[in-house]
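Input: a single structure, listed below in structure tokens.
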Amino acid sequence: MTRTDLPSSWDERSTLTTFLDYARATVRAKCEGITEEAARTAPLPGSPLMTVAGLVNHVRWVEYSWFQVVFLGEEDAGPWTEEEPDREFTVALEHPIGQLLDEYDAQSERYRALVAATDLDTLSQRSMRSNGAPVTLRWILFHLVEEIARHNGHLDVVRELVDGTTGV
């Protein structure tokens, strides 16, 4: 995936999907050259789940939740449980960082096809928990750009703390 924030055209769909892909590609860029040990290191004592591997797996499962569970209305097969609601962070430590990134890339490709074939005004099959209303595909795309960009900031900080890498 090319890492650019410049869309091929200036329409809404191209702009939204380009920024989402840019945020996704930044996740991978933040992980370039990281060792397996560093990817599993939690450098913040108050945030033991905050690892590079955990964050990669988290954004993957966040997209799954929004596209497959909320938008398409599928049953939730995510790794989380009542006992461990943030389990996507901990199970990430059981897998190589390259595998997590490749699975995220493959999933992103499927979601690109879904978005390309769907009108932005299409309503989700499930409602928002907060207000009980469905959301549009457009809203989900905006939300994912915001969420992944925010977690890229977390990746910046964690990566610098675990191995000193900055500026990616």
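All values below come from the heavy atoms of this structure, side chains included, with hydrogens, waters and symmetry mates left out. Here the structure is a predicted model, which means the values were calculated and not measured.
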Would the distance check show the side chain of N152 and the main-chain N or O of A23 forming a donor-acceptor pair, the cut-off being under 3.5 Å? yes
Count I, L, V, M, F, W, Y as connected when their side-chain heavy atoms are under 4.5 Å apart, and connections chain through other members. Are V62 and M50 then in the same cluster? yes
Report yes or no: do S14 and D11 form a side-chain donor-acceptor pair below 3.5 Å? yes
Between the main-chain N or O of V115 and the side-chain N or O of R13, is there a donor-acceptor pair closer than 3.5 Å? yes
Going by atom types only, do Q107 and E103 share a side-chain donor-acceptor pair under 3.5 Å? no
Show, in sequence, the C-alpha distance, side-chain angles and deciding distance for H58 and H154, and conclude whether the side chain to side chain contact (heavy atoms under 4.5 Å, CB included) test is met. CA-CA 12 Å; H58 175 68; H154 297 139; over 6 Å; no
Start with the C-alpha distance between F71 and L123, add both sets of side-chain angles, then the distance that settles side chain to side chain contact (heavy atoms under 4.5 Å, CB included), and finish with yes or no. CA-CA 7 Å; F71 188 70; L123 291 174; over 6 Å; no
May I ask you to decide if E94's main-chain N or O and R40's side chain share a donor-acceptor pair within less than 3.5 Å? no
Measure the spacing between CZ of R24 and OG1 of T17 and express it to the nearest 0.5 Å. 9.0 Å
Compare all side-chain heavy atoms of R112 with those of D21 and state whether any distance is below 4.5 angstrom. yes
Considering residues at least two apart in sequence or located in another chain, which fulfil the salt bridge (charged side-chain N to carboxylate O under 4.0 Å, His left out) criterion with D156? K30
Intermediate values then yes/no, side chain to side chain contact (heavy atoms under 4.5 Å, CB included), L144 and I140: CA-CA 6 Å; L144 289 173; I140 290 171; 3.9 Å; yes
Looking only at heavy atoms, which two atoms of A38 and V162 are closest? And how far apart? O-CG2, 3.8 Å
State the CD-OG1 distance between E88 and T90, to the nearest 0.5 angstrom. 8.0 Å
Approximate separation, where rounding is to 0.5 Å, of T165 OG1 and R159 CZ: 4.0 Å
Quick one: do T136 and T122 satisfy side chain to side chain contact (heavy atoms under 4.5 Å, CB included)? Show the steps, please. CA-CA 5 Å; T136 64; T122 303; over 6 Å; no
Residues which pass salt bridge (charged side-chain N to carboxylate O under 4.0 Å, His left out) with D102, listed by chain and number, not counting sequence neighbours: R28
Group every Ile, Leu, Val, Met, Phe, Trp and Tyr by side-chain heavy-atom contacts under 4.5 Å, then state whether V91 and L49 land in the same group. no
State, to 0.1 Å, how close L101 and C31 come at their nearest heavy-atom pair, and which atoms those are. CD1-CB, 3.8 Å
Shortest non-hydrogen contact between P48 and P45, atoms and distance: CD-O, 4.0 Å
Side chain to side chain, F19 and F142, heavy atoms closer than 4.5 Å: no
Can you see which heavy atom on F67 is nearest to which on L141, and at what distance? CZ-CD2, 4.0 Å
Taking V135 as the starting point, is it possible to reach L72 by hopping between hydrophobic residues whose side chains are less than 4.5 Å apart? yes
Sub-3.5 Å donor-acceptor pair from the side chain of S65 to the main-chain atoms of W61, do we have one? no
Rounded at 0.5 Å granularity, tell me how far CG in L155 sits from CG in L55. 4.5 Å
Within this structure, what is the CZ-OG1 distance for the pair F89 and T51, rounded to the nearest 0.5 Å? 8.0 Å
For the student: nearest non-hydrogen atoms of R126 and V69, plus distance: CD-O, 3.1 Å
Roughly how far, to the nearest 0.5 Å, is CG of L93 from CD of E36? 10.5 Å
How are the rings of Y64 and W80 set relative to one another: parallel (under 30°), tilted (30 to 60°) or perpendicular (over 60°)? tilted
Quick check: is L137 connected to L114 through a chain of hydrophobic side chains (ILVMFWY, heavy atoms under 4.5 Å apart)? yes
Verify, without hydrogens or angle tests, whether T81 (side chain) and E84 (backbone) share a donor-acceptor contact under 3.5 angstrom. yes
Between the main-chain N or O of E160 and the side-chain N or O of T166, is there a donor-acceptor pair closer than 3.5 Å? no
Write down the atom of A53, the atom of A92, and the distance for their closest heavy-atom approach. O-CB, 3.4 Å
Using modelled atom types only, decide if a donor and an acceptor are shared between the side chain of R87 and the backbone of P79 within a distance under 3.5 Å. yes
